[in-house]
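A short worksheet on the structure shown next.
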Amino acid sequence: MPGFGPPESEAELLRRADALAGEALRVVAARVGMPVPPNLRRHKGWVGALVERALGADAGSRATPDFQRLAIELKTIPVDGRGRPVESTFVCTIPLSEIGDVEWEASWVRRKLARVLWIPVEGDPRIAPGDRRLGTPLLWSPNDEELEALRFDWEELSGLIGRGGLERITGHLGRVLQVRPKARNAAVRRRGRDADGAVIDAPPRGFYLRARFTQSILARHFAIPQR
DNA sequence: CCGTGATCATTC
DNA sequence: GAATGATCACGG
């Protein structure tokens, strides 16, 4: 039965997650005492917050893995009728003025993605939030190939930002990882640096995993048609 | 105010 | 249709 304190072990976390598989979100919401929104337009993070609560995640909105003691990151991932991701996956915000000095191994992308509990959830917008069902959880760590792809993109993107190329960054860059805006709205600004090292105000950005990458992760573990 | 939880909605 | 850029709520 999920929904108490943080899990004491990986095995306990998995037991809790397995117990949720197949459940409709309305059932889980009732169990943890969360209201069910009629749609997600004004409640975009509702599914993630619900599952966090149901599993006993303890990190709040801190920049650290959701299960601090276990060093495991929780990600709900919306999937279509075939089990394929319908959205990209946010990883973390980018410290724009410092990213150039960070080593890959110490980066938040590397650390957060070292161990992720993926929980598929029906993501078809035509299904009401309360009717959407949770899928089989997957506790994942990147294999050598995935790790190398992530490192390559991270080096390119963070290197570009570190060299003052923030203005040249678009969502088109990166094979598996991309950089996109991450803010309340387009007017929000954060301190960054341009190519000459001058301080500039730029929109906050975050690293995201492309859906094709998370699709390959799910496909590696579940029997999902690639096309 | 900022980072995390993401999905929306317009553009390509 | 897919993908990018924009956006919304909440906790601390």
Side-chain angles (χ1 to χ4, degrees), chain A residues 6 25 28-29 32-68 71-82 84-99 102 107-109 111-113 116-130 132 134 153 157 166-192 201-216 226-227:
Chain A
L25 299 187
V28 181
V32 302
M34 280 178 70
V36 180
N39 62 69
L40 299 183
R41 196 168 72 85
R42 292 185 175 276
H43 302 272
K44 297 179 180 181
W46 180 76
V47 177
L50 171 65
V51 176
E52 279 187 352
R53 193 149 154 185
L55 293 178
D58 58 347
S61 64
R62 280 174 289 244
T64 175
D66 296 288
F67 299 95
Q68 301 188 87
I72 292 174
E73 175 75 8
L74 173 67
K75 289 293 181 194
T76 59
I77 181 161
V79 296
D80 65 16
R82 298 181 184 181
R84 297 180 305 191
V86 298
E87 287 286 355
S88 56
T89 299
F90 171 72
V91 180
C92 58
T93 52
I94 305 175
L96 292 177
S97 53
E98 303 152 36
I99 190 71
V102 177
S107 70
W108 278 114
V109 172
R111 291 157 69 182
K112 282 199 167 183
L113 298 183
V116 179
L117 181 63
W118 298 100
I119 303 206
V121 56
E122 287 180 321
D124 186 334
R126 293 169 300 190
I127 307 176
R132 299 186 189 189
L134 294 168
D153 283 353
L157 294 165
L166 183 60
E167 304 302 313
R168 296 207 301 282
I169 294 267
T170 79
H172 296 276
L173 298 177
R175 287 180 303 158
V176 300
L177 196 66
Q178 65 180 166
V179 172
R180 304 225 306 276
K182 174 63 174 173
R184 183 67 179 74
N185 58 58
V188 175
R189 302 282 122 150
R190 187 73 45 74
R191 264 213 194 331
D201 285 334
R205 316 296 173 94
F207 282 116
Y208 292 76
L209 298 176
R210 291 186 179 279
R212 78 166 72 112
F213 181 72
T214 50
Q215 177 184 335
S216 75
Q226 291 280 343
R227 316 201 47 167

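In the text below, chain A, chain B and the rest are named by the order of the sequence lines, each starting its count at 1. Values below: all heavy atoms of this structure, side chains included; hydrogens, waters and symmetry mates excluded.
What you find for A:P65 and A:W108 is that their closest heavy atoms are CD-CZ3, 4.4 Å. Heavy atoms only, all atoms of each residue included: A:A211 and A:P85 are closest at O-CG, 4.0 Å.
Between A:Y208 and A:V179, every side-chain heavy-atom pair lies at or beyond the 4.5 Å cut-off.
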Distances under 3.5 Å only, N/O to N/O: pair up the protein atoms with those of nucleotides 1-5 of chain C.
{"residue": "C:dT4", "atom": "OP1", "partner": "A:G171", "partner atom": "O", "Å": "2.7"}
{"residue": "C:dT4", "atom": "OP1", "partner": "A:R210", "partner atom": "NH1", "Å": "2.7"}
{"residue": "C:dT4", "atom": "OP1", "partner": "A:R210", "partner atom": "NH2", "Å": "3.0"}
{"residue": "C:dT4", "atom": "OP2", "partner": "A:Q178", "partner atom": "NE2", "Å": "2.9"}
{"residue": "C:dT4", "atom": "OP2", "partner": "A:R210", "partner atom": "NH1", "Å": "3.1"}
{"residue": "C:dG5", "atom": "OP2", "partner": "A:G171", "partner atom": "N", "Å": "2.5"}
{"residue": "C:dG5", "atom": "N7", "partner": "A:R180", "partner atom": "NE", "Å": "2.7"}
{"residue": "C:dG5", "atom": "O6", "partner": "A:R180", "partner atom": "NH2", "Å": "2.9"}

Dump the pairs, protein N or O against N or O of nucleotides 9-12 of chain C, anything under 3.5 Å, distances to one decimal.
{"residue": "C:dA9", "atom": "OP1", "partner": "A:R42", "partner atom": "NH1", "Å": "3.0"}
{"residue": "C:dA9", "atom": "OP2", "partner": "A:R184", "partner atom": "NH2", "Å": "3.3"}
{"residue": "C:dG11", "atom": "N2", "partner": "A:S61", "partner atom": "OG", "Å": "3.2"}
{"residue": "C:dG11", "atom": "N3", "partner": "A:S61", "partner atom": "OG", "Å": "3.2"}

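In the helix from B:dC1-C:dG12 to B:dC12-C:dG1, the rotation axis of the first five pairs and that of the last five pairs differ in direction by 10°, rounded to 10 degrees.
In summary, of the residues considered (A:I127, A:V36, A:L134), a side chain to side chain contact (heavy atoms under 4.5 Å, CB included) with A:L25 occurs for A:L134 alone. Just one residue in the list A:I99, A:I94, A:T93 forms a side chain to side chain contact (heavy atoms under 4.5 Å, CB included) with A:L96, and that residue is A:I94.
Listed by first and then second residue, the salt bridge (Lys or Arg N to Asp or Glu O under 4.0 Å) pairs that reach into residues 37-52 of chain A come to none, sequence neighbours excluded.
Listed for the A:R111 side chain is no donor-acceptor partner under 3.5 Å among the backbone atoms of A:A71.
Note on A:P125: nothing from the nucleic acid sits closer than 4.0 angstrom, heavy atoms only.
With rounding to the nearest 0.5 angstrom, the CG atom of A:L55 is 5.0 Å from the CZ atom of A:F67. The CZ atom of A:R210 sits 11.0 Å away from atom CZ of A:R175, with the distance rounded to the nearest 0.5 Å. Here the CG-CZ distance, from A:D124 to A:R132, works out to 7.0 Å after rounding to the nearest 0.5 Å. Summarising the geometry, atom NZ belonging to A:K112 is positioned 7.0 Å from atom CG belonging to A:D66; distances are rounded to the nearest 0.5 Å.
A:R191 CZ: 12 or fewer foreign heavy atoms inside a 6.0 Å radius.
Bracketed by its first and final contacts, the part of DNA chain B lying under 4.0 Å from non-hydrogen atoms of chain A reaches from B:dG3 to B:dA9 in 5' to 3' order.
With sequence neighbours left out, A:K75 forms a salt bridge (Lys or Arg N to Asp or Glu O under 4.0 Å) with A:E73.
For A:P204 and A:T89, each mapped to the nucleotide of DNA chain B holding its nearest heavy atom, the one lying further toward the 5' end belongs to A:P204. If A:R190 and A:N39 are placed on DNA chain B by their nearest nucleotide, the residue sitting closer to the 5' end is A:R190.
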